[in-house]
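First the structure, in the form of C-alpha cells, and then the observations on it.
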Amino acid sequence: MAYDYEYFKKEILALTSIDLNCYKEKQMKRRIDTLIAKHKIVGYDKYVLGLKTDKELFEEFVNYITINVSEFYRNPEQWKLMDEQVIPELIQKFGKNLKIWSAACSTGDEPYSLVMALSKHLPLSNIKIYATDLDKQVIAKAKVGLYSEKSITSVPDDLKKKFFTKVGTSYKISDEIKARVEFKEHNLLKDTYPNDYHLIVCRNVLIYFTEEAKDEVFRKFYKSLASGGILFIGSTEQIINYKEIGYDRKNSFFYQKP
C-alpha cells in the first residue's frame with residue numbers, strides 16, 4: 001500500500017477531527033512535508049505512527065496548522081448588550097428564524113460567536129448565519145474551526161465547555177456550531193448585497209477602507225436591512241453621517257433601520 005497524502009488526510013481527520021481538505025492542498029502539503037523532513041521521518045505512515053505515540057510531536061503538528069489571528073466575543077461588553085437586549089428584541093420583532101449576515105467574517109470567530117450567543121435564546125435548529133469574506137483562504141480556515149487558546153479567551157465559560165474540544169494545545173469548535181453557518185465569498189465593494197436581513201454584523205474591517213468606500217458600504221448595509229433590523233459595527237468604527245443615511249443610533253455600536 002502506498003501511504004500517500006490522501007491516506008495522511010484520512011488519518012489526521014480520524015486522529016484530530018481536523019479536515020485537511022479545507023486547506024489549500026499544495027501549500028499545506030508542502031508545509032507538512034517540511035515538518036516531517038525536519039524530524040528526519042520517512043513516509044506519512046511513520047509520521048502518523050509518531051503522532052499517535054509522541055505527545056510532543058502531536059502538539060507540534062496541531063499548533064503548526066492552528067489559526068492564531070482570530071478572536072471570539074471581541075469587546076465582551078458589546079456582546080453582553082447583544083445577549084441582554086439586541087437578540088431578545090430581534091426575536092420579539094421578527095420571530096425565531098432570524099436572518100443574520102456576518103460580513104467580512106475572516107476566520108469564523110464572529111459568525112461562530114453569533115451562533116453561540118443565539119443558542120442561549122433559540123434552539124440550534126433555528127439558527128442560520130450567512131457569513132462572507134473576500135479571502136478564500138480565511139474561509140477555508142473558518143470551515144476547519146481550529147483556534148488558539150488566546151483567541152477563545154473571551155468566550156463565556158459555559159459556552160467554552162459546551163462547544164469547544166481541546167486538540168493538543170488548540171481548541172476545535174463543535175460540528176453542531178459549524179453546521180449553523182454558511183460561508184460564501186463576497187466582495188463588499190463589488191458584489192451585490194443580500195436583502196431583508198434582521199441583523200448584519202461587520203466589525204473592525206471598514207477601518208481599512210477610505211471614507212468614500214465606508215459611506216458606500218454603510219448605505220448598502222442600510223438597504224440590506226429589513227425595517228427594524230440592526231447593524232452591529234466594531235469599537236474602532238463609527239457612522240458619522242448615520243442620520244443622513246437613515247439609521248437610528250441605538251448604542252455606540254448598534255444602528256437600527258427604522
In plain terms, say whether [X] and [Y] are close enough for a salt bridge, that is, a side-chain N and a carboxylate O under 4.0 Å apart.
X      : Y      : answer
Glu89  : Lys93  : no
Lys214 : Glu211 : yes
Lys184 : Glu182 : yes
Arg74  : Glu110 : no

Would you mind telling me which of Leu98, Val181, Val201, Leu199 makes a side chain to side chain contact (heavy atoms under 4.5 Å, CB included) with Ile129?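 Checked Leu98, Val181, Val201, Leu199 against Ile129; only one passes side chain to side chain contact (heavy atoms under 4.5 Å, CB included): Val181.
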Return yes if a side-chain donor-acceptor contact under 3.5 Å exists between Arg249 and Gln256, otherwise no.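 The criterion, which ignores hydrogens and geometry beyond distance, is not satisfied for Gln256 and Arg249.
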Could you tell me whether Phe232 and Phe253 have their ring centroids closer than 6.0 angstrom?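 Here the rings of Phe253 and Phe232 have centres that are no less than 6.0 Å from each other.
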Check whether the ring centres of Tyr7 and Tyr44 lie less than 6.0 Å apart, and answer yes or no.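 Ring centroids of Tyr7 and Tyr44 are no less than 6.0 Å from each other.
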When rounded to the nearest 0.5 angstrom, what is the spacing between NZ in Lys257 and OG in Ser224?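 Reported to 0.5 Å precision, the distance equals 8.0 Å.
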If I take atom CG from residue Asp215 and atom CG from residue Asn241, how far apart are they, to the nearest 0.5 angstrom?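 The distance works out to 5.0 Å.
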Flag if over 12 foreign heavy atoms under 6.0 Å of CD, Glu77: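 For Glu77, atom CD is crowded (more than 12 foreign heavy atoms under 6.0 Å).
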Evaluate Phe254 against Tyr247 for ring pair (Phe, Tyr, Trp, His ring centres under 6.0 Å), listing each step before the verdict. CA-CA 10 Å; Phe254 293 91; Tyr247 290 106; over 10 Å; no
